Chemist: 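Quick one: this structure, given as structure tokens, is what I'll be asking you about.
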Amino acid sequence: MLAVVLIWSSNNAVMKIGIEQIGPFTYNAMRLAIASILCWMWLYRTHTYRKMPWQDLKALILLSLFGFCLTQVCLTYGLSKTTAGNASLASAIMPLAVVLLNRIFKKIPLSKIMAVGIVLSFSGVLCIIFSSGKEISFANYHLIGTVVVVLGQFSNAYYTIYAKDLLDRYSSCQIVSYLMTISAIVFFVLGIPEMQKVNWADLSNSAWISVFYSGIFALWLCNIIWVYAVGKIGSTRTALYQYLLPVCALWFAYILLGETLVIWQIIGTVLILAGLIISRK
């Protein structure tokens with residue numbers, strides 16, 4: 001899971017390079033197509049494909065549309081309509097959304113020790129966000145973007161929770177293969193008007209590297225590991241690892257860019273790590 005966190009912590013910056021030149025829907029369609037091809041190749045190589053009855057296929061289509069795909073749409077739109085601080089706060093909702101949905105639909109009970117771990121980690125994220133100097137805005141146009149990002153986090157929580165139901169019968173690679181393929185089709189349809197405006201001949205090498213990096217590592221590799229982890233340690237524990245994203249971003253900036261750390265950022269890091277350790281018991 002640490003590999004997933006490290007890749008995802010760098011993916012936003014990598015995606016920004018490609019999206020600026022290609023456009024959000026076309027960019028997502030391209031990286032999803034790459035991930036889909038890799039998924040089906042890996043599924044063929046591992047011989048783990050199992051024929052799916054319509055009931056399971058229907059559940060997987062719904063998971064693709066209202067879980068994985070909706071998450072990408074909400075993040076693509078919401079992040080462009082709000083501040084970095086608001087987006088960070090909204091993204092911190094995801095593990096809490098997993099807990100809430102599990103509670104509502106009675107999927108997985110929440111133990112006291114797990115609750116303590118979640119509170120500690122969430123408190124740590126708040127410490128890092130509010131001490132980072134990122135703008136927090138309550139203006140109407142920023143709040144709309146924030147709400148959309150929150151909706152995306154609930155969609156991501158739905159994807160994380162209900163992927164486990166299918167893992168009892170199918171491999172993580174098969175589930176992700178369908179998720180990526182269905183989502184790629186949706187984004188290609190949404191991106192048709194945008195694709196006609198892209199000057200393909202003038203795209204830089206960095207844009208192409210961005211597409212392939214995000215498609216291969218952030219989508220293909222990370223989602224297979226993510227879905228596999230859900231099956232092994234459960235949706236709540238898996239979701240908690242998302243709280244390592246601000247920690248990695250913070251310490252990368254300190255080590256590689258020489259940015260200064262403040263005491264609240266160090267406290268936040270300790271709280272997040274303590275929460276993750278406690279939640280494993």
Side-chain angles (χ1 to χ4, degrees), residues 1-13 67 71 75 84-85 87-103 107-132 134 149-150 152-164 167 172 217-219 221-256 259 261-281:
M1 286 303 298
L2 182 58
V4 172
V5 172
L6 292 174
I7 292 170
W8 277 349
S9 62
S10 64
N11 187 53
N12 285 343
T71 299
L75 291 178
S88 298
L89 283 174
S91 297
I93 295 294
M94 191 273 188
L96 300 179
V98 169
V99 172
L100 181 60
L101 292 182
N102 270 325
R103 185 85 173 178
K107 300 291 290 183
I108 300 176
L110 182 66
S111 66
K112 291 182 179 179
I113 194 69
M114 179 69 75
V116 172
I118 291 171
V119 170
L120 283 175
S121 293
F122 184 70
S123 301
V125 171
L126 294 182
C127 287
I128 290 176
I129 292 172
F130 283 107
S131 61
S132 65
K134 293 180 179 179
V149 175
V150 170
Q153 297 309 310
F154 272 88
S155 176
N156 195 14
Y158 163 69
Y159 156 55
T160 300
I161 292 169
Y162 283 91
K164 184 173 175 58
L167 282 167
S172 60
F217 296 104
L219 285 182
L221 180 61
C222 286
N223 277 282
I224 287 178
I225 296 174
W226 183 267
V227 173
Y228 177 81
V230 169
K232 289 296 182 181
I233 64 176
S235 57
T236 304
R237 283 195 176 95
T238 302
L240 273 174
Y241 278 93
Q242 183 159 316
Y243 284 148
L244 284 176
L245 289 172
V247 173
C248 289
L250 177 69
W251 287 89
F252 276 149
Y254 172 71
I255 295 171
L256 300 178
E259 292 189 6
L261 291 176
V262 300
I263 186 63
W264 283 107
Q265 292 172 331
I266 297 173
I267 292 173
T269 299
V270 172
L271 287 174
I272 290 171
L273 295 177
L276 288 171
I277 293 171
I278 288 173
S279 67
R280 296 181 65 180
K281 295 181 179 180

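This structure is a prediction, so every number in the text was calculated from the model and none was measured.
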Chemist: Under a 3.5 Å distance rule, please check whether Asn156 uses its side chain to pair with a backbone N or O of Gly152 as donor and acceptor.
Modeler: no

Chemist: To the closest 0.5 Å, what do you measure between CD1 (Ile233) and OH (Tyr228)?
Modeler: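 Rounded to the nearest 0.5 Å, the CD1-OH separation comes to 10.5 Å.
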
Chemist: Side-chain contact, heavy-atom cut-off 4.5 Å: Leu273 with Leu244?
Modeler: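 Sidechains of Leu244 and Leu273: in contact.
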
Chemist: Which residues satisfy the side chain to side chain donor-acceptor pair (under 3.5 Å) test with Tyr159, sequence neighbours excluded?
Modeler: Asn223

Chemist: What's the spacing between Ile224 CD1 and Leu219 CG if we round to 0.5 Å?
Modeler: 10.5 Å

Chemist: Do Ser172 and Trp226 pair up side chain to side chain, a donor and an acceptor below 3.5 Å, judged on atom types alone?
Modeler: no

Chemist: What distance do Leu271 atom CG and Ile266 atom CD1 have between them, rounded to the nearest 0.5 Å?
Modeler: 12.0 Å

Chemist: Do Gln265 side-chain atoms and Val262 backbone N/O form a donor-acceptor pair below 3.5 Å?
Modeler: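 A pair under 3.5 Å: yes.
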
Chemist: Indicate the atoms forming the closest heavy-atom contact of Val227 with Ala163, along with that distance.
Modeler: CG1-CB, 4.4 Å

Chemist: To the nearest 0.5 Å, what is the distance between CE on Met94 and CZ on Phe122?
Modeler: 14.0 Å

Chemist: Minimum heavy-atom separation for Ala90 and Val149, please, with both atom names.
Modeler: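 Closest approach of Ala90 to Val149, heavy atoms only: CB-CG1, 3.5 Å.
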
Chemist: Counting N and O atoms only, with roles assigned by atom type, does the side chain of Thr238 sit under 3.5 Å from a partner on the main chain of Ser235, one being a donor and the other an acceptor?
Modeler: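 No; zero donor-acceptor contacts below 3.5 Å.
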
Chemist: Is there a side-chain contact between Leu96 and Gln153 (heavy atoms, below 4.5 Å)?
Modeler: no

Chemist: Taking Ser131 for the side chain and Ile128 for the main chain, is one N or O donor matched with an acceptor at less than 3.5 Å?
Modeler: yes

Chemist: Compare every heavy atom of Gly268 with every heavy atom of Cys127, then report the nearest pair and how far apart it is.
Modeler: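 Result for this residue pair: CB-CA, 3.8 Å.
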
Chemist: Minimum heavy-atom separation for Gly67 and Ser155, please, with both atom names.
Modeler: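 The answer is O-OG, 2.6 Å.
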
Chemist: Quick one: pull up OG1 in Thr236 and CD1 in Ile118 and give me the separation to the nearest 0.5 Å.
Modeler: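 Result: 6.0 Å between the selected atoms.
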
Chemist: For the residue pair Pro95 and Ala239, what are the closest heavy atoms and their distance?
Modeler: CG-O, 3.4 Å

Chemist: Should Arg237 and Leu276 count as side-chain neighbours, where that means a heavy-atom distance under 4.5 Å?
Modeler: no

Chemist: Please list, chain by chain and in numerical order, all residues satisfying side-chain contact (heavy atoms from CB on, under 4.5 Å) with Leu221, sequence neighbours excluded.
Modeler: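 Partners of Leu221 by the side-chain contact (heavy atoms from CB on, under 4.5 Å) criterion, ordered by chain and then number, come out as Ile7, Phe217, Ile225.
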
Chemist: Indicate yes or no: at least one non-hydrogen side-chain atom of Ile93 is less than 4.5 angstrom from one of Phe154.
Modeler: yes

Chemist: With side chains defined as the heavy atoms from C-beta onward, is the minimum distance between Ile272 and Leu120 less than 4.5 Å?
Modeler: no

